[in-house]
Each structure stands twice: as C-alpha cells, then as structure tokens.
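Beneath this line is the structure, given in structure tokens, with notes to follow.
Note: hydrogens, waters and symmetry copies are ignored here, and every other heavy atom, side chains too, is used. Just so you know, ligand 1 is whichever comes first in the structure, and atom 1 is the first atom listed for that ligand.
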Amino acid sequence: MSKSALQIARAAYQPKLPKALQGPVVAKEGAATQSVGDQAKIKELFPNTYGLPVIEFVPGAAQASEPINVGVILSGGQAPGGHNVISGLFDGVKSINPASKLYGFILGPGGLVDHNYMELTSDIIDDYRNTGGFDIIGSGRTKLEKTEQFEKGIEILRELNIKALVIIGGDDSNTNACVLAEYYAAKKYGVQVIGCPKTIDGDLKNEQIETSFGFDTACKTYSELIGNIQRDCNSARKYWHFIKLMGRSASHIALECALQTQPNICLISEEVEAKEMSLDDVVNYIADIVAARADEGCHYGTVLIPEGLIEFIPAIKKLIKELNEVLTDPVTGEPRVFPDAEEQIAYVKRTIAKENLAVLESLPEDVARQLCLERDPHGNVQVSLIETEKLLSRMVADRLKETKRAPKFATQHHFFGYEGRCAAPSNYDADYCYSLGYNASRLIAAGKTGYMSIVKNTTAPASEWVAGGVPITMMMNIERRNGADKPVIRKALVELDGAPFKFFAAHRAEWAKKTSYVYPGPIQYFGPTEVCDQPTKTLQLEQA
Ligand code: FBP
C-alpha cells in the first residue's frame with residue numbers, strides 16, 4: 001500500500017492514554033443510575049441492564065487473565081478516529097492476554113448477521129493507526145433490532161468463541177447495542193456488549209459523555225474550508241457563499257464552525273424552532289443582513305446553514321412527523337412499500353391532514369419530493385439530500401428583488417459533510433479514540449455489559465483524562481419513531497442557554513455587520529500545543 005509522507009509520520013504517533021489506563025485498573029462503582037426519562041418503562045424493558053452504576057477506572061493491582069476473544073463493529077456514518085478506537089481496543093485486548101483475538105465484522109452490523117468477518121492481526125492494525133476512515137472493516141447502517149438478527153449473531157459469536165462485542169456508533173446504534181446487551185443477558189448467552197460514542201454530528205453527549213468522537217476533526221476540517229472561502233470572499237468581494245454543513249438534526253457542527261470562523265450569518269435550527277420561525281422569517285433574516293451589508297458597500301458574505309434546518313421550522317416539523325407516521329406500516333413498523341415514487345407521493349397527498357398538505361404544496365417541488373420519498377433505515381428523513389443552501393439563496397434573491405433598492409446579490413453554494421468524515425484524526429481525536437477503545441477492553445475485563453465506554457475531563461492534558469463506563473440505559477427515554485413508541489438514547493440538541501450558543505448570540509450582530517472572519521487553517525499534527533492540541537470551542541466553552 002503506498003502512503004503519503006504524513007501517513008508515514010502519523011503511523012509512528014503513539015496516542016496518549018489517561019494515567020489511570022496506563023497500568024492495571026480496578027473499577028470504582030458509583031451509585032445506582034436511572035434513565036433520563038420514562039424510568040418505569042425503561043426499567044421494565046431492560047430488567048438486566050437498568051440501574052447499573054457509573055464506573056470509573058482507577059489504578060489497581062495486576063492480575064493474570066485468560067485470553068478473551070472480542071468482536072468489533074463500526075456502525076453508521078464515518079467519523080475521524082474510528083481506526084484508533086479499534087487499535088486502542090486491539091492493544092487493550094492483547095494487554096489482557098497476548099493470546100486474545102480481535103475480530104472485525106465487515107460493513108457494519110450486517111456483518112454480524114451475515115457472518116462476514118475477519119481477524120484483525122497486528123499487521124493489519126498497524127496499517128491503520130492514526131488514519132481517518134472506517135475502511136479497515138467498513139461500516140453500514142443495518143439496524144440490529146430483531147430477535148432473528150440477535151440469534152444469527154450469537155451463532156457466529158459462539159463459533160469464534162467471542163465473549164464481548166464492541167459496537168462503535170451514534171445514538172441509534174448504541175440504542176441497538178443496549179437492546180442486544182439486554183437480550184444476551186436475559187438469555188444468559190455469556191456475551192457482553194459495549195458501546196462507543198461515535199458521530200461527527202456531536203449529538204451523542206450528555207452529563208457523562210463530553211463529546212462524540214470525530215466531531216473535533218470534522219469541525220476543524222470544515223472550519224479550514226470555511227476560512228479559505230472567507231479569504232476568497234474577502235478578496236473578490238462579489239459573492240455571498242451559502243454553506244450547508246452536515247450534522248443531521250442538531251446544529252452543533254454549524255455552531256462550532258461559526259465559533260471558529262466568525263461568518264456573517266449562521267442559522268441554528270434549535271433557535272429557529274424555539275422562536276417558531278417560518279421559512280419566510282428565516283429568509284427575511286438573511287435578506288435583512290444582506291441588504292444592511294450592501295448599504296455599507298459590502299456585496300459579499302458567508303452564511304452557514306445546518307443540514308437539519310428544514311425539519312426545525314415548526315410547520316415543516318409537523319409535516320415531517322405526519323409523513324413518518326403515514327409512511328410506516330402500523331403492523332410491521334417497517335416503511336410502507338409502494339410500486340413507485342409517484343404512487344408514494346400520491347398516497348402521501350391523499351392521506352395527510354389538510355394543513356400539512358398546504359405546507360407540503362407551498363414548498364418548491366424538488367424539496368417536497370425529497371421529503372415524501374427519502375428515509376434512512378432508522379426511519380429518519382434524509383435531510384442531507386435536501387439542498388437547503390440553494391433553496392434559501394433562491395428565496396433570498398426573490399425577497400431582495402421585492403425591496404426598493406434590490407442590492408447586488410451573486411451567490412455560490414457549498415455542502416460540507418463527506419469532506420470531513422474521513423479526515424486524519426486531529427491529535428484530540430487520535431488520543432480520545434485510542435483511549436475509548438483501550439478503555440472498552442477494560443470494561444470487558446471488568447465483566448460489564450450494556451455500558452458505553454467514556455473518557456472525561458478532555459479539555460485537560462490527556463494524562464489527566466478520566467476513563468470509565470456509563471450504563472446505556474441511563475441515557476434512554478421513550479420517543480415516537482416510525483409510528484411507534486421506542487426506547488432510544490436521547491439526542492443532544494444545541495442548548496440555547498448553553499455557553500457555546502450564548503457566546504455566539506452575543507457576537508453575531510457584530511460578525512454580521514463587520515467582516516470579522518477568522519481563518520483557522522488546516523489541522524496541525526506536529527508543533528506547539530496551542531496549535532495542535534486545542535479541543536473544540538464548544539467543549540472549551542462548556543467546560544470553562
Ligand atoms: P451518524 O454518525 O449518525 O451515522 O451520521 C453522520 C452523518 O454524516 C450525518 O451528519 C449525515 O446526515 C448522515 O451521516 C449522512 O448519511 P450517509 O452517510 O448515509 O450519506
């Protein structure tokens with residue numbers, strides 16, 4: 001395999017571990033826990049994995065351990081650092097006993113069901129240390145939620161003598177990891193299931209999880225690109241750049257990029273919802289800033305748009321909710337099947353409430369079609385397919401034409417998502433992910449199941465990080481999904497009373513008016529700590 005100079009240099013990087021994980025550990029258990037909502041229901045659904053304590057690893061005495069075979073799955077969208085979770089897990093499992101083995105299931109949870117796997121040996125692992133991507137074993141979005149799948153899974157786990165499975169995924173995948181842990185515990189199958197918090201979206205965080213891995217690197221990559229565009233914008237002074245950013249529902253990525261680059265406008269979906277803004281209100285907000293800058297002779301600027309914006313506009317949210325209901329078969333809970341797209345759209349139009357139909361028909365045709373047709377396997381609207389950046393700039397142009405002065409308004413459009421999901425992990429993500437993986441091996445050795453691997457205090461130097469585990473049931477509540485009530489991990493949206501949003505809100509008027517762009521430049525791996533090892537602004541503000 002030919003490698004770039006950076007790949008060769010990065011391969012030699014030894015990620016840092018929290019001090020507590022550098023030698024033998026013992027698990028210090030906290031008090032019993034409760035789920036974040038719907039306690040009675042969650043307890044009833046998870047009798048074997050509910051109420052377990054949060055644990056923290058502290059240095060302990062060395063103990064001889066038997067070899068243990070472990071399986072690993074990468075689930076969902078790529079996020080920088082996945083390979084380091086696996087290499088940390090590999091090193092951790094081998095440190096328990098060198099005869100232990102690590103098996104990777106290929107192309108996501110489907111690999112477990114289809115018995116598609118490979119043994120991960122040190123030769124393979126060494127090729128992927130500190131690299132971006134999930135290509136070591138691939139990823140997939142198959143939902144692991146049916147008894148038949150769990151039973152197919154146990155067949156291969158028994159065949160390979162695997163005693164623990166690590167599922168690296170976002171909120172939905174970790175919800176499924178918890179359901180699987182509960183099922184195997186109830187059946188006394190003797191297989192532990194451990195989760196790891198992955199997603200560039202940054203929406204898998206709570207009191208116990210400071211951040212999901214990959215968020216740091218992805219935001220730094222997008223911020224580099226936004227900074228470059230802002231330099232271009234400030235040089236040519238002729239375009240408004242509409243930049244949509246990935247992140248699914250939550251606006252964490254857009255907010256973090258705004259904190260790093262100080263654009264003229266950044267929309268925050270959670271605020272749009274809280275203020276009950278209509279699509280028209282959003283368009284007016286942008287058009288007013290464009291017009292105000294034009295009055296100052298500035299016919300250029302940058303607008304950051306979170307990809308989930310459209311589903312937070314209250315009227316559209318109501319419409320999506322009903323679309324999710326009518327497009328799900330109430331008996332099977334599976335998406336309804338239609339002979340073709342036109343039939344599906346006709347069915348939707350016949351079935352939904354009048355006021356929702358009016359909203360659907362008020363949208364440009366292409367957007368309405370996407371809303372009616374596209375779903376991911378978890379039943380989520382595929383927001384990343386909706387070209388909100390073009391929709392908004394088109395509507396702003398129309399709005400400006402209606403004003404007396406009709407300022408000059410030339411636009412460029414961008415969508416940043418895939419550009420950052422497989423970037424080489426920043427030092428933060430390289431260390432954080434390696435620690436998460438290594439720590440997962442300690443949870444396994446401690447006999448835990450239904451836990452997520454956690455590493456905290458990450459704004460401090462890595463040696464001071466705190467490692468342990470949190471029961472996944474603690475993060476759960478009941479939500480309506482695909483037309484049914486389901487136990488799920490509560491998604492973390494941007495909190496409008498949180499420090500990162502407050503900082504942004506206090507500065508955005510100035511950033512809108514003046515040109516206050518910041519140019520973060522590319523991620524640096526070697527050099528002074530203030531250049532190479534800074535966590536995200538979000539984390540710094542949250543932990544300040
Ligand atoms: P998960 O980490 O939740 O799996 O998703 C990350 C993400 O990049 C989202 O930001 C985006 O909406 C989605 O994946 C795109 O999905 P796909 O990779 O299937 O195009």
Checking [X] side chain against [Y] main chain: does a donor-acceptor pair fall under 3.5 Å?
X    : Y    : result
Q149 : E145 : yes
H83  : G132 : yes
S251 : A254 : no

### Query
side chain to side chain contact (heavy atoms under 4.5 Å, CB included) with P520: which of Q534, E224, Q260?
Q260
Using a strict cut-off of 4.0 Å, indicate which atoms of ligand 1 neighbour a heavy atom of [X].
X    : answer
G76  : 4 (O)
I200 : 8 (O)
T199 : 1 (P), 2 (O), 3 (O)
E307 : 9 (C), 10 (O), 11 (C), 12 (O)

What I want to know is whether [X] and ligand 1 share at least one N or O pair that is separated by under 3.5 angstrom.
X    : value
M246 : no
G77  : yes
R248 : yes

### Task
Ignoring hydrogens, just give me the one of K198, R421, Q78 whose non-hydrogen atom is nearest atom 18 (O) of ligand 1.
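Minimum heavy-atom distance to atom 18 (O) of ligand 1 goes to R421.
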### Query
Is there a heavy atom in G247 that sits closer than 4.0 Å to ligand 1?
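In this structure, G247 qualifies as a contact of ligand 1 - some heavy atom is under 4.0 Å.
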### Query
Is the NZ atom of K486 crowded by more than 12 outside heavy atoms at less than 6.0 Å?
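More than 12 heavy atoms, drawn from other residues, nucleotides or ligands, come within 6.0 Å of this atom.
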### Query
Ring centres of Y525 and Y13 under 6.0 Å apart?
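No, ring centres 6.0 Å or more apart.
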### For the student: nearest non-hydrogen atoms of K198 and S75, plus distance
NZ-O, 2.8 Å
### Message
Taking 4.0 Å as the limit for heavy-atom contacts, which would you say applies to F215 with ligand 1: side chain only, backbone only, both, or neither?
### Response
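For F215, there is no contact with ligand 1 at all, from either part.
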